[in-house]
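Side-chain atoms are counted along with the backbone in the values below, which use heavy atoms only and exclude waters and symmetry mates. Every value quoted in this text rests on a predicted model; they were computed, and no experiment measured them. Counting starts at 1 for both ligands and their atoms, in listed order.
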Amino acid sequence: MRASALCLLPLLALLAPALAAVSYRGHEVYRLVPTEEQLPVLAEWRQRADIDFWSQVHLAGHPVDVRVPPHLQREFREHLYRHRVEHQLLINDLEQVFEMERQWAQTRAVSRNPESRISFTEYLRYDEILQYLLDLASNYSDTVTVESIGNSYAGRDLDIIKISSGGDDTRPVILIDAGIHAREWIAPAAALYVINQLVENPAESALTDNVDWHIVPVLNPDGYEYTFKEDRMWRKTRSTEITGCVGVDGNRNFNFHWNETGSSNDPCSDTYAGPMDFSEVETSYLRNHINRNIDRIKLYLTFHSYGPYMLYPWGYTSELPDDWETLDALGQEAIEAQQAAGGPNYTIGSIYNVMYAASGVSNDWVKGVAGVNLSFTLELPGGGDTGFDPPASDILSIVTPFFEAIRVFGQYVADNYG
Ligand code: 0X9
Ligand code: ZN
């Protein structure tokens, strides 16, 4: 007995670090403001798997936040000075930011009113989000149904909420998803707020008069849960391959110009396109849902962070779609509406031109293959100088004006297809 227990000890010691949560102690976050000439320098660093670009923007004069682990900091600073890149140290110990985030969540969990179904002062766990959807389905059974479009890699239900005030499934549909990127917590929070307003705020009932809404608040629940339990900075799915590295970037996995540009063949990269297109169950179940409802879906929005940016196709080429002026005008209108309500100024444009090239992304596929003309990526604001996501206490002040943009999209579909 004793001997065999002793034999196990080294094995347990080996396993222990793998089970521990990933620490970001000493990780620095820099805000860079590149000039036109410096953009290629940034593009080169972007290829490195060990430097984490938090925002993908690629415009001169626009800030780019970058997480640099301790062992690369000297080299990174030397690079900055050599190329004279304007920069500022935003965070000198990222783990401290995450500690505060966890403390807040703990305090909230204790003080939370068990009566209230939803909260916008904390980032909810996946089971809390599903519970909210199910509560809505039972409390508003005339208008709300909740279905699973499939299961995640780890077997979690991929729930979709359908909001419909009538019309027997003949009305135009607005499809929204959020959380394909696990760490972008503000995106599911924004989707929940949209759901909350459409269902529970009687003053917003006009938005569901002629239009149905299908919303998947967390498209990558395995990754989402992993960011709470193991690694706050996880972005991809959690599927495993024999190669050793885990996960695929769901937003490189769609089969439209798949893996052509701005994505990686390296399974360890954060923008890994996958072993083949639609290799991930999460992206393929979304595709199936879109295909099943293709006659009715008139507008697609996918929520990400962070920007703020409003992006339309294409991501794979600098060329613009034929109807880009329609997309641009609608996007502008949405931006102005949320700005009038106190929201920030979103930068608008095609993905390729505002950001770095990216192919196999969902909003390109939805337009290019599924044929939904109105297809946008909305990159919500990040945490500014406090980190990746806004502090949970700021959620409401972000999603409230954001909803005004959603209202513009809703009205547009009602006016043109309703
Ligand atoms: O790179 C991405 O997948 C998105 N940015 S993020 O920082 N949230 O990762 C941008 C995707 C924009 N859409 C297209 N490239 N079509
Ligand atoms: Zn994203």
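For the pair Tyr306 and ligand 1, the shortest N or O to N or O distance does not fall below 3.5 Å. When only interatomic distances are considered, the shortest N/O to N/O separation between Ser55 and ligand 1 does not fall below 3.5 Å. Residue Trp314 has no nitrogen or oxygen atom sitting less than 3.5 Å from a nitrogen or oxygen atom of ligand 1, judged on distance alone.
With a 4.0 Å cut-off on non-hydrogen atoms, Pro313 does not touch ligand 1 at all.
Both the sub-6.0 Å distance and the 45° axial angle are satisfied by Arg46 relative to the ring of Phe53. A cation-pi arrangement, defined by a distance under 6.0 Å to the six-membered ring centre and an angle within 45 degrees of its axis, is absent between Arg67 and Tyr24.
Counting just the N/O/S atoms of His304, the one with the shortest distance to the Zn ion (ligand 2) is named ND1. Closest approach between the Zn ion (ligand 2) and any N/O/S atom of His181 involves ND1.
With hydrogens left out, the protein atom closest to atom 9 (O) of ligand 1 is Arg235 NH1, 2.5 Å, a heavy atom. For atom 13 (N) of ligand 1, the closest non-hydrogen atom of the protein is Ile351 CG1, 3.2 Å. For atom 11 (C) of ligand 1, the nearest non-hydrogen atom of the protein is Asn251 ND2, 3.4 Å. Nearest non-hydrogen protein atom to atom 16 (N) of ligand 1 is Val361 CG2, 2.5 Å. Residue, atom and distance of the protein heavy atom nearest to atom 10 (C) of ligand 1 are Glu379 OE2, 3.2 Å. With respect to atom 7 (O) of ligand 1, the closest heavy atom belonging to the protein is Gln56 CG, 3.2 Å. At the shortest separation from atom 8 (N) of ligand 1 among protein heavy atoms lies Glu184 OE2, 2.9 Å.
Between the side chains of Asn151 and Tyr285, no donor-acceptor pair of N or O atoms lies under 3.5 Å. The closest side-chain donor-acceptor pair between Trp185 and Thr227 falls under 3.5 angstrom. There is a side-chain donor-acceptor pair under 3.5 Å between Asp249 and His181.
Ligand-side atoms of ligand 1 in range of Met355: 10 (C), range being under 4.0 angstrom from any heavy atom. In the vicinity of Asp364, heavy-atom distances shorter than 4.0 Å reach the ligand 1 atoms 16 (N).
Between Phe76 and Tyr30, the ring-plane angle classifies as tilted under the 30° and 60° cut-offs. Using a 30° and 60° split on the angle between ring planes, Phe278 and Trp365 fall in the perpendicular class, above 60°.
In summary, Glu379 places no N/O/S atom under 2.8 Å from the Zn ion (ligand 2), failing the contact criterion.
The number of heavy atoms from other shown groups lying within 6.0 Å of CD (Glu99) is above 12. Annotation: Glu44, atom CD; neighbour count of heavy atoms from other residues, nucleotides and ligands within 6.0 Å does not exceed 12.
Proximity of a side-chain donor or acceptor of Gln38 to a complementary backbone N or O of His83 within less than 3.5 Å is detected. Judged by distance alone, with hydrogens and angles left aside, the side-chain atoms of Thr400 form no donor-acceptor pair with the main-chain N or O of Ser397 at under 3.5 Å.
At least one heavy atom of Ser305 sits less than 4.0 Å from an atom of ligand 1.
Residue nearest to atom 3 (O) of ligand 1, selected from Arg183, His304, Arg252: Arg252 (by heavy-atom distance).
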